[in-house]
*Asks:* 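Quick one: this structure, given as structure tokens, is what I'll be asking you about.
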Number of protein chains: 2
Amino acid sequence: MSTAQRTTQCTTLSATLSATLAVSTVIFALRPVEKHDDAASGVMTLWLPLVRRTSDPHRNQWALPGGWLPNHEELAAAAARTLRETTSLTPTYLEQLYTFGAIGRSPGRRVVSVVYWALVKSDEAAQVAVGDNVRWFPADSLPQLAFDHNRIVEYALWRLRTKVEYSRIAHSFLGETFTLAQLREVHEAVLHRSIDPANFRRRVEASGDVVETGEFLAGTRHRPPRLYRFNDASPPATPPPSGRRPSDIPARPHSEEAP
Amino acid sequence: MSTAQRTTQCTTLSATLSATLAVSTVIFALRPVEKHDDAASGVMTLWLPLVRRTSDPHRNQWALPGGWLPNHEELAAAAARTLRETTSLTPTYLEQLYTFGAIGRSPGRRVVSVVYWALVKSDEAAQVAVGDNVRWFPADSLPQLAFDHNRIVEYALWRLRTKVEYSRIAHSFLGETFTLAQLREVHEAVLHRSIDPANFRRRVEASGDVVETGEFLAGTRHRPPRLYRFNDASPPATPPPSGRRPSDIPARPHSEEAP
DNA sequence: ACAAAAGTGTTCGCCTTACACCCATGG
DNA sequence: CCATGGGTGTAAGGCGAACACTTTTGT
């Protein structure tokens with residue numbers, strides 16, 4: 001096949017079908033809420049990092065990290081890569097959220113965005129180099145974002161809040177070991193309401209999602225709390241296309257792609 | 001911009017990024033299960049229509065209805081159209097399921113498929129013209145399908161079964177009015193297990209999702225059952241990006257696209 | 001000793017389940 | 001009048017919400 005032929009075919013394809021494919025990610029982390037005087041209070045809330053656009057549709061507006069999908073890269077891998085390149089974060093949780101493809105969503109050409117959502121640990125989030133083009137925003141009070149990104153974040157927030165109640169994704173915000181109070185803080189920050197410590201303890205212990213380490217956390221102002229660890233053996237209760245159903249199909253390593 | 005320039009740019013785009021975008025749909029309907037002698041028993045089960053591929057990757061294998069995404073057509077509209085063109089069905093429910101884009105899923109070029117799932121009413125499903133290239137299959141025992149379509153159907157089935165328990169999509173299988181026994185049949189067929197009629201009645205009545213019509217269904221072998229109607233005023237309890245959250249954002253007519 | 005957080009016990013009300021029972025109609 | 005599905009009553013078990021209470025540490 002000559003170059004001319006290939007080029008012609010491409011023109012046809014691109015004119016009649018073929019919108020441009022992009023991948024974006026909504027990243028959530030828990031960070032201490034700021035006081036007026038830039039001191040940090042102990043209370044944690046949901047934040048997300050945004051990047052400032054440097055090119056033209058919506059130049060200078062804040063937007064979700066993302067980029068075009070390279071032909072040779074898996075969807076989830078592209079999400080993880082663009083996320084790392086723009087914010088230098090590594091997610092502990094990454095799942096496809098939704099695909100946005102309405103015709104008018106990007107001025108000019110048709111763009112279809114496969115959007116992922118990610119959770120990162122608090123300590124890692126603290127190390128992000130913020131600058132003129134990357135900044136954290138409180139998830140509940142965002143400025144006006146580029147494209148339809150406000151709606152996307154809103155949907156991702158809803159997804160996070162509903163999913164935290166029936167799955168164990170809250171662990172993704174925490175380190176290897178944690179106290180039940182810390183785990184409760186995560187739930188309280190995500191759902192932003194207070195939770196009865198006694199009932200929370202019993203619910204979590206009964207779920208089998210955590211196991212005692214035997215260790216205690218030292219250095220607290222008062223009685224030292226037990227440290228727990230995530231229980232890898234308990235069932236996921238959720239199957240986005242690779243979090244497989246119990247039976248049949250052989251699981252594949254680490255991606256959520258079905259072939 | 002000259003034609004040459006445009007063509008060159010296109011070649012670049014298509015070589016480095018831009019996979020091809022497709023839309024497919026998993027369609028579910030309830031149909032009476034077949035007996036060995038081709039008589040129909042009264043029991044209903046889940047079926048889905050598949051089309052036989054006529055072109056080359058996986059030629060002659062069964063596959064989900066679908067097609068390439070035209071540049072000027074909304075995602076959901078493309079799903080509804082390809083579904084109508086291949087099976088002449090009109091869905092009463094249509095929702096985005098997931099986007100499958102793994103590199104090896106289609107031999108040759110990279111294809112990213114935005115997959116929808118749909119429900120159609122039983123009486124309409126009965127009128128589908130089956131032929132050599134369109135046929136109904138029981139959802140639980142499919143042949144080997146083209147591409148990754150077996151996995152896609154498996155995921156759609158899981159989605160249907162979990163969603164039927166907390167939302168009112170079961171109504172989408174039924175007509176304008178229905179008896180509680182018919183509604184229960186839908187649940188039983190989807191979940192394939194029997195449900196206590198007494199408890200089911202109370203649960204549904206308490207949910208507020210249905211209202212009595214005052215009419216009764218005549219012509220049954222025994223006591224005539226009440227007819228109910230779907231209650232449009234009760235809350236959706238579910239928000240794929242347009243099934244909006246209670247508050248803030250103005251609802252948009254009928255599509256699930258966020259702009 | 002006292003404040004404050006860790007952790008335990010107990011009660012209440014709601015919802016689901018199981019199952020016994022009555023009701024209405026066609027044959 | 002009786003078989004069959006429509007429809008009602010009721011009691012037991014599970015689970016979350018509320019809240020009183022005990023335990024253990026640092027200061």
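Just the heavy atoms: all of them, side chains too, but no hydrogens, waters or symmetry mates, feed the values below. Letters A, B, ... are given to chains in the order of the sequence lines, protein chains preceding strands, and every chain is numbered from 1.
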*Asks:* I want to confirm an ordering. Mapping A:P224 and A:R203 to their closest nucleotides on DNA chain D, which one lands closer to the 5' end?
*Replies:*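 Final value for this comparison: A:R203.
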*Asks:* Looking across every strand, which nucleic acid part, if any, lies under 4.0 Å from A:T179 by heavy atom: base, sugar-phosphate, or nothing?
*Replies:*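 The answer is nothing, as A:T179 stays clear of every strand by at least 4.0 Å.
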*Asks:* Will you find, in the side chains of A:Y228 and A:E205, an N or O donor that is under 3.5 Å from an N or O acceptor?
*Replies:*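 The criterion, which ignores hydrogens and geometry beyond distance, is satisfied for A:E205 and A:Y228.
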*Asks:* Which one, C:dA5, D:dT8, C:dG7, comes nearest to the side chain of A:H222?
*Replies:*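 Within the option list, the nearest is C:dA5.
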*Asks:* Rounding to a whole Å, what distance do you find between A:L183:CG and C:dA6:P?
*Replies:*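 Answer to the nearest Å: 13 Å.
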*Asks:* Once hydrogens and angles are ignored, does a donor-acceptor distance under 3.5 Å link the base of D:dG9 to the side chain of B:R202?
*Replies:*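 Per atom types, the contact qualifies.
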*Asks:* Send over the distance from A:F200 CZ to D:dA18 P, rounded to a whole Å.
*Replies:*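 For the pair A:F200 CZ and D:dA18 P, the rounded distance is 16 Å.
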*Asks:* Over how many whole Å does the gap from B:R184 atom CZ to D:dG7 atom P extend?
*Replies:*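 To the nearest whole Å, that distance equals 11 Å.
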*Asks:* Taking the side chain as everything from C-beta on, heavy atoms only, tell me whether A:V115 gets closer than 4.5 Å to A:T25.
*Replies:*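 The answer is no, as the side chains (C-beta and beyond) never meet within the 4.5 Å cut-off.
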*Asks:* Nearest-Å distance, CZ (A:R226) to C1' (C:dA5)?
*Replies:*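 Result: 15 Å.
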*Asks:* B:D196 side chain: which of C:dA3, C:dA18, D:dA18 is closest?
*Replies:*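 The closest nucleotide is C:dA18.
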*Asks:* Counting any heavy atom closer than 4.0 Å, what does A:A198 reach on the DNA or RNA strands: base, sugar-phosphate only, or nothing?
*Replies:*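 Base contact - A:A198 has a heavy atom under 4.0 Å of at least one base atom.
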*Asks:* Taking only side-chain N and O atoms of A:R223, does any of them lie within less than 4.0 angstrom of OP1 or OP2 on D:dT23?
*Replies:*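 No, because none of the side-chain N or O atoms of A:R223 sits under 4.0 Å from OP1 or OP2 of D:dT23.
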*Asks:* Quickly work out the B:Q182 CD to D:dG5 C1' distance and round it to whole Å.
*Replies:*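 For the pair B:Q182 CD and D:dG5 C1', the rounded distance is 13 Å.
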*Asks:* CG/B:L180 to CZ/B:R201 distance, rounded to the nearest 0.5 angstrom?
*Replies:*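 Those atoms lie 5.0 Å apart.
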*Asks:* On DNA chain D, nearest-nucleotide positions of A:T220 versus B:A181: which is more 5'?
*Replies:*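 Looking at DNA chain D, the more 5' nearest nucleotide goes with B:A181.
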*Asks:* Can you find a side chain N or O atom of B:R221 that sits less than 4.0 Å from OP1 or OP2 on D:dG5?
*Replies:*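 For D:dG5, OP1/OP2 do have a side-chain N/O of B:R221 under 4.0 Å.
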*Asks:* Will you find, in the side chains of A:S207 and A:R168, an N or O donor that is under 3.5 Å from an N or O acceptor?
*Replies:*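 Their side chains do not contain a donor-acceptor pair, so the 3.5 Å distance test is not met.
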*Asks:* Select one nucleotide: of C:dT17, D:dG6, C:dA6, the one nearest the side-chain heavy atoms of B:N199.
*Replies:*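 When the side chain of B:N199 is considered, C:dT17 is the closest of C:dT17, D:dG6, C:dA6.
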*Asks:* Please report the distance, rounded to the nearest Å, between CZ in A:R201 and P in C:dA6.
*Replies:*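 Rounding to the nearest Å, CZ of A:R201 and P of C:dA6 are 8 Å apart.
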*Asks:* Separation of A:Y166 atom OH from D:dG16 atom P, in whole Å?
*Replies:*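 After rounding, the reported distance stands at 17 Å.
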*Asks:* More than 12 non-hydrogen atoms from neighbouring residues, nucleotides or ligands closer than 6.0 Å to CD on A:Q144, yes or no?
*Replies:*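 Open: at most 12 neighbouring heavy atoms sit under 6.0 Å from CD of A:Q144.
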*Asks:* Expressed in angstrom and rounded to an integer, what is the separation of B:I195 atom CD1 from C:dT17 atom C1'?
*Replies:*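 About 13 Å, once rounded to whole Å.
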